[in-house]
Amino acid sequence: MRNSAASHFVLGPYSEEKVILAARETLQAVGGKVSCAFVFASLDYRPMLKDFLELIQLHGHAPTIAGCSGAGLISTAIEGEGVSGFSLLFLHLPETEIVPIAFDQELIGSQPNAAEWQRRARLSAGPIQAWIALGNPTTLRVEEWLDQWNAAFPGVPILGGLASGHGAEEGLFVVHDRETIEACAAIGFRGGVRIETIVSQGCRPVGEPLTITGADENIITALGSRPAFERLTETFETLPPPQKERAAGNLFAGLAMSEYVDEYKTGDFLVRNLIAADPSNGALAIGAHPRVGQTLQFQLRDRTAANEELHRMLREKKESGIHPFASLIFACAGRGRNLFGAPNHDASAVREHFGPIATAGFFCNGEIGPVGGRNFVHGYTASMALFCDVD
């Protein structure tokens, strides 16, 4: 049997009738069998969560569900920002073992070793192709957790995002089956499906690549043996006047994930915030811990760069023979209309390149995805999982 998927998008406040109808119609569209489901709902669904999830499992025959709250909801070619409703994706993967894990911050804080995480993932049964993970940013120390998982599952991509809520952070939720989870719910996929990744950070390099020659923790003191602030000022001054206007507040640090690149381009960097600059001592503080000898190139984030990068990444996937039958989209709440000035940008881009495939997702408080073979939490990013048949 072939893999299949179906999605459904419902706008409006909670309605038992609408939930039942959506579950039944999605079940019928996927072919009557479901391996796992993903559901993203607006914050006003929280008081009815238990009933909501029970109806999806009962009428959708979904054995495993993972989901969370979203400040905006994404479906096939549609992005609803600040809306009430839910987005649903059913996957039927007949040759795939679904590996669900849910855990709290207490477990992460106990510093479990790689062997403990591998035991929980039943890694002895075979490797995991990829994880989809959803976290609650009010309780999950995401970078601490990612450090542990990168060690336990080296090279295995994690795609996902941190729960959000329109106009509030109180009441954010992550769910697994019919339960609310304190920190994180994840689903791993073993065999039978290939999951391609897109991590579009919405930036393009500006200026020249520079070697970090002085650094302490998150402070960069020197780039190419000159004060880091001086290099930042030089980069800004080389920008054409229209770009200078856009660069105010939109310049970032890009850390090269490999030194073995002949010519750096968009996508070769881990993009991190410029937190502070001190002209008196020439230092820059960034949202990472770079190392001496690493390459840094400043990055400009605007709608043009973000649009071009995402389309380039999707086009390269298509040209390499990728034909997904489903996708999950985890987009920063700062994208959408805020960045592009029009609705449906990221979801429409997927449809433009791959057709109207089954899609679900949400606008996040932070996006999770791999760069350079290691998983990170990002901002202003679109992190996407493309589900493909195994060749």
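The structure presented is a predicted model; accordingly, all values stated were derived computationally and were not measured. Side chains included, hydrogens not; waters and symmetry mates left out as well; all remaining heavy atoms used.
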How many angstroms lie between atom [atom1] of [X] and atom [atom2] of [Y], to the nearest 0.5 angstrom?
{"X": "Asn281", "Y": "Thr221", "atom1": "CG", "atom2": "OG1", "result": "8.5 Å"}
{"X": "Arg315", "Y": "Ile322", "atom1": "CZ", "atom2": "CD1", "result": "15.5 Å"}
{"X": "Tyr45", "Y": "Phe173", "atom1": "OH", "atom2": "CZ", "result": "10.0 Å"}
{"X": "Glu143", "Y": "Asn150", "atom1": "CD", "atom2": "CG", "result": "11.0 Å"}
{"X": "Leu73", "Y": "Phe40", "atom1": "CG", "atom2": "CZ", "result": "9.5 Å"}
{"X": "Ile181", "Y": "Asp104", "atom1": "CD1", "atom2": "CG", "result": "9.0 Å"}

Classify the angle between the aromatic ring planes of Trp131 and Phe153 as parallel (below 30°), tilted (30 to 60°) or perpendicular (above 60°).
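Correct class here is tilted.
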
Linked, directly or transitively: [X] and [Y] (ILVMFWY side chains, under 4.5 Å):
{"X": "Leu93", "Y": "Phe90", "result": "no"}
{"X": "Ile357", "Y": "Phe189", "result": "no"}
{"X": "Met48", "Y": "Phe86", "result": "yes"}
{"X": "Val99", "Y": "Leu123", "result": "yes"}
{"X": "Leu107", "Y": "Leu134", "result": "no"}

Main-chain N/O of [Y] paired with [X] side-chain donor or acceptor, under 3.5 Å:
{"X": "Thr96", "Y": "Gly191", "result": "yes"}
{"X": "Arg351", "Y": "Ala77", "result": "no"}
{"X": "Ser87", "Y": "Phe9", "result": "no"}
{"X": "Arg272", "Y": "His289", "result": "no"}
{"X": "Thr26", "Y": "Arg24", "result": "no"}
{"X": "His61", "Y": "Leu27", "result": "no"}
{"X": "Asn218", "Y": "Ala288", "result": "no"}
{"X": "Gln297", "Y": "Gly207", "result": "yes"}
{"X": "Gln57", "Y": "Ala62", "result": "yes"}
{"X": "Gln294", "Y": "Arg291", "result": "yes"}

Applying side-chain contact (heavy atoms from CB on, under 4.5 Å), run through Val10 and Leu21 and close with a yes or a no.
CA-CA 10 Å; Val10 175; Leu21 182 62; over 6 Å; no

Looking at [X] and [Y], what are the two nearest heavy atoms and their distance?
{"X": "Cys184", "Y": "Leu140", "answer": "CB-CD2, 4.2 Å"}
{"X": "Pro100", "Y": "His176", "answer": "CB-CE1, 3.5 Å"}
{"X": "Leu284", "Y": "Ala277", "answer": "CD2-CB, 3.6 Å"}
{"X": "Asp389", "Y": "Arg2", "answer": "OD2-NH2, 2.6 Å"}
{"X": "Phe363", "Y": "Cys332", "answer": "CD2-O, 3.3 Å"}
{"X": "His345", "Y": "Asn307", "answer": "NE2-OD1, 2.8 Å"}

Is any side-chain N of the basic residue among [X] and [Y] closer than 4.0 Å to the acidic one's carboxylate O?
{"X": "Lys50", "Y": "Glu54", "result": "no"}
{"X": "Arg122", "Y": "Glu97", "result": "yes"}
{"X": "Lys317", "Y": "Glu196", "result": "yes"}

[X] versus [Y]: any side-chain heavy-atom pair under 4.5 Å?
{"X": "Leu274", "Y": "Leu232", "value": "yes"}
{"X": "Arg335", "Y": "Asp346", "value": "yes"}
{"X": "Thr304", "Y": "Arg204", "value": "no"}
{"X": "Gln148", "Y": "Gln111", "value": "yes"}
{"X": "Glu352", "Y": "His311", "value": "yes"}
{"X": "Gln105", "Y": "Glu144", "value": "yes"}
{"X": "Val377", "Y": "Trp145", "value": "no"}
{"X": "Val390", "Y": "Gln129", "value": "no"}

side-chain contact (heavy atoms from CB on, under 4.5 Å) between Val271 and Val371: does it pass, once the steps are laid out?
CA-CA 10 Å; Val271 177; Val371 175; over 6 Å; no

With a 6.0 Å cut-off (strictly less than), is the heavy-atom count around [atom1] of [X], excluding the residue itself, greater than 12?
{"X": "Tyr380", "atom1": "OH", "answer": "no"}
{"X": "Glu316", "atom1": "CD", "answer": "yes"}
{"X": "Glu16", "atom1": "CD", "answer": "no"}

Show the numbers, then the answer: is there a side-chain contact (heavy atoms from CB on, under 4.5 Å) between Asn365 and Thr138?
CA-CA 10 Å; Asn365 255 329; Thr138 65; over 6 Å; no

For a side chain to side chain donor-acceptor pair (under 3.5 Å) check, start with the C-alpha distance between Ser200 and Glu309, then their side-chain angles and the critical distance, and finish with the verdict.
CA-CA 6 Å; Ser200 177; Glu309 182 193 41; 2.8 Å; yes

Is the NZ or CZ atom of Arg120 both under 6.0 Å from the centre of the six-membered ring of Phe103 and within 45° of that ring's axis?
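The answer is no, since Arg120 fails at least one limit relative to Phe103.
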
Show, in sequence, the C-alpha distance, side-chain angles and deciding distance for Ile108 and Arg141, and conclude whether the side-chain contact (heavy atoms from CB on, under 4.5 Å) test is met.
CA-CA 8 Å; Ile108 299 167; Arg141 292 200 291 270; 5.6 Å; no

Could you walk me through whether Thr359 and Ser7 pass the side chain to side chain donor-acceptor pair (under 3.5 Å) check?
CA-CA 6 Å; Thr359 297; Ser7 59; 5.8 Å; no

Out of the candidates Asn273, Ile220, Ile275, Ile219, only one should pair with Ile286 under the side chain to side chain contact (heavy atoms under 4.5 Å, CB included) rule; please name it.
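That would be Ile220.
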
